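Below is one structure, written out as structure tokens, with a few remarks after it.
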Amino acid sequence: MKKRTITIALLIFLLASGPADATTEYKVEKADTLWKIAVKFNKDLNDIINSNSHIKNPDLIYPGQTILIPGQTGRSSAQKIAEGERTIWELANEERKQKGLKPLVMDSILTGAAKQKSKDMMNFEYVSHNSPTFGNPTKMLRNQQISFLTVKENIGAGYRSADEMFSAWMNSSIHRANILDKRATHIGVGHVKGGLHGHYWTIFIVEKNEGG
């Protein structure tokens, strides 16, 4: 009985002291921003900022600087594309294919930005291209040092599925034109659940330089 008690206690200790809540140290690389680091580790930007109180100005970080990543196991993860987000991307490219247009490349950095915009709309209960947190789409992407030549934004709320949201956009001449923009090269799709309307959707459709 004594051995069993010790074994159980050891198991509890190992579970409690496992790496799930560990903090990882990340060395800033050239062209990194806190936004890009947050997307790279699939973390909320505010969580990254709050975990690095030694950084006085979040807009100024330098190569070689140490950034603390909360709740990581030491392995970075790319921005995850949810099923509904992938469906929007696939539907957009199917429409573009029918019009003889080049497909849009799914961009993980843009997807992170789109998800943040959707989350912001949910948190502050608005549906607008002008965010009280990030400003308009152009300002938002520029502040996060995301390169682009042009940017179009489609947003929506209350649509429970990707198909419903996409149909609503395609039934709007402005939103349809954004999706079928001949110059567009990349897309980011962000969907979050919760809040007043239940579902919030954002897509950024951008034109980038070749190789972008």
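Not measured: the values here are computed from a predicted model.
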For Met165 and Ile155 the tightest heavy-atom approach is CE-O, 4.4 Å
d(Arg142 CZ, Lys139 NZ) to nearest 0.5 Å is 11.5 Å
- Cluster link Leu101 to Leu149, ILVMFWY, side chain under 4.5 Å: no
### From CA spacing to verdict: side-chain contact (heavy atoms from CB on, under 4.5 Å), Gln98, Glu95
CA-CA 5 Å; Gln98 292 178 16; Glu95 289 289 338; 4.2 Å; yes
Flag side-chain contact, heavy atom, 4.5 Å: Ile146 against Phe204
no
Original post:
More than 12 non-hydrogen atoms from neighbouring residues, nucleotides or ligands closer than 6.0 Å to CZ on Phe148, yes or no?
Top reply: yes
Discussion item. Quick one: does any side-chain atom of Asn136 pair with a main-chain N or O of Asn130 as donor and acceptor, under 3.5 Å?
Written reply: no
Practice task
Look at the side-chain heavy atoms of Ile, Leu, Val, Met, Phe, Trp and Tyr, link any pair under 4.5 Å apart, and say whether Trp35 and Val206 land in one connected group.
Solution key: yes
message: Pair Glu153, Lys117 - check side-chain contact (heavy atoms from CB on, under 4.5 Å), show working.
response: CA-CA 10 Å; Glu153 180 190 62; Lys117 175 60 184 289; 2.9 Å; yes
Taking everything shown except Leu60 itself, do over 12 heavy atoms lie less than 6.0 Å from its CG?
yes
When rounded to the nearest 0.5 Å, the distance separating CG of Asn123 from CD of Glu125 is 9.0 Å
query: Taking C-beta and beyond as the side chain, do Pro70 and Thr24 meet within less than 4.5 Å on heavy atoms?
result: no
Donor-acceptor pair, distance only, cut-off 3.5 Å: does the side chain of Ser118 make one with the backbone of Thr202?
yes
Can any side-chain N or O of Asp107 pair as donor or acceptor with the backbone N or O of Leu110 at less than 3.5 Å? yes
Taken to the nearest 0.5 Å, the spacing of Lys36 NZ from Ile48 CD1 works out to 15.0 Å
* Applying side-chain contact (heavy atoms from CB on, under 4.5 Å), run through Ile37 and Ile69 and close with a yes or a no. => CA-CA 9 Å; Ile37 293 171; Ile69 311 298; 3.7 Å; yes
ask   = Is it the case that one hydrophobic cluster holds both Met170 and Ile203, taking links as side-chain heavy atoms less than 4.5 Å apart, direct or via other members?
value = yes
Tested for side chain to side chain donor-acceptor pair (under 3.5 Å) against His199, the lone hit among Arg160, Glu164, His191 is His191
Taken in chain and number order and not counting sequence neighbours, the residues that satisfy salt bridge (Lys or Arg N to Asp or Glu O under 4.0 Å) with Asp181 are Lys152
- Before giving the answer on side-chain contact (heavy atoms from CB on, under 4.5 Å), spell out for Thr87 and Val189 the whole-Å C-alpha distance, their side-chain angles and the decisive distance to 0.1 Å. CA-CA 10 Å; Thr87 297; Val189 186; over 6 Å; no
Here the gap from Tyr159 atom OH to Ser167 atom OG, rounded to the nearest 0.5 Å, amounts to 9.5 Å
Would the number of heavy atoms belonging to other residues, nucleotides or ligands and lying under 6.0 Å from CD of Glu25 be above 12?
no
Closest non-hydrogen contact found for Thr111 with Ile187 is OG1-O, 4.4 Å
Does either side chain, that of Asp120 or that of Tyr126, offer a donor lying less than 3.5 Å from an acceptor on the other one?
yes
Hydrophobic cluster membership, with links at side-chain heavy-atom distances under 4.5 Å among I/L/V/M/F/W/Y: are Val127 and Phe124 in one? yes
Under 4.5 Å between side-chain heavy atoms, counting indirect links through other Ile/Leu/Val/Met/Phe/Trp/Tyr residues: same cluster for Trp201 and Ile205 or not?
yes
When rounded to the nearest 0.5 Å, the distance separating CD of Glu29 from CD1 of Ile67 is 11.5 Å
Under 3.5 Å donor-acceptor, Asn93 side chain and Pro103 backbone: no
Q | Under 3.5 Å: donor-acceptor pair, side chain of Trp169, backbone of Asn154 | A | no
Flag side-chain contact, heavy atom, 4.5 Å: Ile61 against Asn52: no
Scanning both residues in full, the closest heavy-atom pair of Leu91 with Ala162 reads CD1-O, 4.4 Å
dist Gln65:CD -> Tyr26:OH (nearest 0.5 Å) comes out at 11.5 Å
*Polar side-chain atom of Thr185 near backbone of Lys208 as donor-acceptor pair, under 3.5 Å*: yes
Look only at the side chain of Trp89 and the backbone of Leu104, and say whether a donor-acceptor pair between them is shorter than 3.5 Å.
yes
